Peer 1: 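Before I ask anything, let me first share the structure, which is written out below as structure tokens.
In what follows, every chain begins at residue 1, and chains take the letters A, B, ... in the order their sequences are listed. For clarity, every value in this text was computed on a predicted model and none was experimentally measured. Every heavy atom of this structure was used, including side-chain atoms; hydrogens, water molecules and symmetry mates were not.
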Amino acid sequence: MSSYEDPNGNLIESFRVLANYYRENKDTIRARAYDNVIIRIKQIQHNLRTKGGNGKITEISQVPLGDGIGKKSREKIKQYIDTGRIRQVEDILASQPKPEPKNEREQVIALLKSVWNIADASAKKLYDSGIRSMQDLKDHQDLLTKDQRLGLKYYEQLQKPIPRDEIRAMKYVIIVILSHEFGRNSFNLEVAGSFRRGCKQSGDMDCLLTSNKFSLLQAVQALVKWDVIVDGTGQRTEKFMGVAHCPSAGKDKGIFRVDIEFLPENEWGSGLLYFTGSQSYVIRVRAVAKRKGYILNQHGLFYKNGTRVPVYTEAEIVNYLGLDYLPPEARY
DNA sequence: TCTCCGCTGATAACGA
DNA sequence: TCGTTATCAG
DNA sequence: GGAGA
Ligand SMILES: Cc1cn([C@H]2C[C@H](O)[C@@H](COP(=O)(O)OP(=O)(O)OP(=O)(O)O)O2)c(=O)[nH]c1=O
Ligand SMILES: [Mg+2]
């Protein structure tokens, strides 16, 4: 659910095919290399758009070497500009005619993994214990952890993507509740994730929250009291993962996953940079930091000895690392 | 040419 | 109960 | 596959 169409048609999609192909074949490093190509293409398109154009790359001279695009990827881009296709991509698509016919074990494992909090290891164990369907799962909840039962309980509702407007509505509900409970100006709240990147729909709602007046636990308790958070997982100081219900939606509608990242105020910028994503963009920026001898995490930018580099906004952080600031919409 | 590839929080399971 | 490791998640 | 040593 990206915010912009690709002005170059299928260029980005082509590199996505390459990335996913290597990811499926467990070559995550090469997959990330292609993720980085996409990030760089998006940045170039953004720059062209800023100059007043429509963002379309029309000649290879607009694609310099470096910043994630090397000789071979540049050659692929050239091929795309010239012919509208990339040989390697066509080969991959041709080699996998339709959705691959999987064997029964793989199918069942894929199904089990679609439950929140069930991943590879659990899915395999469950299969080996004889679980073959969602019904089996419901009949054998003793095999599940607390969190996995939660995923099962809301399985159906969590399949649906969340419309942008629903997240916007929920944001103001949360602001009203926290203001009422703890006072105006007692906190900072931003909805990050795909919402902040401008996507029309999201898989969950990612809230970044800071406050000197209350803890994450207190915030969650208030939201539970007002029936906005309906379920969640255990004790927590920094990160809450739960299930919310948007009151403006119907009774059984507007149920979705909410994550709350609760940080000290001075970590706001690094928190935003992390929580806004995208995942591949975060990995990319952190890789750059690491190569230059720093560690970047949600708490800030640090020298290797652990002392903090005094940069506090998203722009300060990426500029310090020698990167251009990109608006959330352009962060693939 | 060789080496490295993001980084952390929460929870459950394990072993002493 | 405590420290460590595995798993899942973002 | 790309970047730095
Ligand atoms: C999944 C994931 C997310 N993140 C960060 C970057 C993400 O933008 C941010 C929020 O995660 P997500 O909510 O999983 O991703 P998203 O908001 O970009 O997309 P969706 O619509 O599916 O919710 O957390 C990671 O650092 N590593 C990960 O593996
Ligand atoms: Mg999200």
Peer 1: Hey, does A:Ser122 reach any base, or is it just sugar-phosphate, or nothing, if we go heavy atoms under 4.0 Å?
Peer 2: sugar-phosphate

Peer 1: With DNA chain B as reference, determine whether A:Glu261 or A:Tyr274 sits nearer its 5' end, using the nearest nucleotide of each.
Peer 2: A:Tyr274

Peer 1: For A:Gly193, answer base if it contacts any base atom (sugar-phosphate contacts may also be present), sugar-phosphate if it contacts only those atoms, and nothing otherwise; contact means non-hydrogen atoms under 4.0 Å.
Peer 2: nothing

Peer 1: State whether a side-chain donor-acceptor pair under 3.5 Å links A:Asp139 with A:Gln135.
Peer 2: yes

Peer 1: For the P atoms, the ones on B:dC5 and on C:dG10, what distance do you get once it is rounded to whole angstrom?
Peer 2: 24 Å

Peer 1: From the 5' end of DNA chain B to its 3' end, which nucleotides mark the outer limits of contact with chain A, defined by a 4.0 Å heavy-atom distance cut-off (strictly under)?
Peer 2: B:dC5 to B:dA12

Peer 1: Tell me yes or no: between the side chains of A:Asp6 and A:Gln45, is some donor less than 3.5 Å from an acceptor?
Peer 2: yes

Peer 1: D:dA3 P sits how many Å from A:Ile29 CD1, rounded?
Peer 2: 15 Å

Peer 1: With a 3.5 Å cut-off and no angle check, do the side chains of A:Tyr312 and A:Glu265 form a donor-acceptor pair?
Peer 2: no

Peer 1: Would A:Gln148 and A:Gln141 count as having a side-chain donor-acceptor pair, cut-off 3.5 Å?
Peer 2: no

Peer 1: For the residue pair A:Asn319 and A:Tyr325, confirm or rule out a side-chain donor-acceptor distance under 3.5 Å.
Peer 2: no

Peer 1: Evaluate the criterion salt bridge (Lys or Arg N to Asp or Glu O under 4.0 Å) for residue pair A:Glu75 and A:Lys72; output intermediate values, then yes/no.
Peer 2: CA-CA 5 Å; A:Glu75 183 54 40; A:Lys72 299 172 92 168; over 6 Å; no

Peer 1: Classify A:Arg40 by what it touches in the nucleic acid, base, sugar-phosphate, or nothing, heavy-atom distance under 4.0 Å.
Peer 2: nothing

Peer 1: Considering every strand and a 4.0 Å limit on heavy-atom distances, what is the contact class for A:Asp67: base, sugar-phosphate, or nothing?
Peer 2: sugar-phosphate

Peer 1: Mapping A:Met241 and A:Arg32 to their closest nucleotides on DNA chain B, which lands nearer the 5' end?
Peer 2: A:Arg32

Peer 1: In terms of side-chain heavy atoms, does A:Tyr34 have a donor or acceptor partner in A:Ser73 at a distance below 3.5 Å?
Peer 2: no

Peer 1: Using chain A heavy atoms and a threshold of under 4.0 Å, write down where along DNA chain C the contacts begin and end, 5' to 3'.
Peer 2: C:dT7 to C:dG10

Peer 1: Take atom NZ of A:Lys292 and atom C1' of D:dA3, then tell me their distance rounded to the nearest Å.
Peer 2: 11 Å

Peer 1: Does either side chain, that of A:Tyr294 or that of A:Arg286, offer a donor lying less than 3.5 Å from an acceptor on the other one?
Peer 2: no

Peer 1: Sequence neighbours excluded, which residues qualify as side-chain hydrogen bond (donor to acceptor under 3.5 Å, both in side chains) partners of A:Ser280?
Peer 2: A:Ser278

Peer 1: Looking only at atom P, what distance separates B:dT8 and D:dG1, rounded to whole Å?
Peer 2: 30 Å

Peer 1: NZ of A:Lys290 versus P of D:dA3: gap in Å, rounded?
Peer 2: 18 Å

Peer 1: Under 4.0 Å, counting only non-hydrogen atoms across every strand here, what does A:Val282 touch: a base, just sugar-phosphate, or nothing?
Peer 2: base

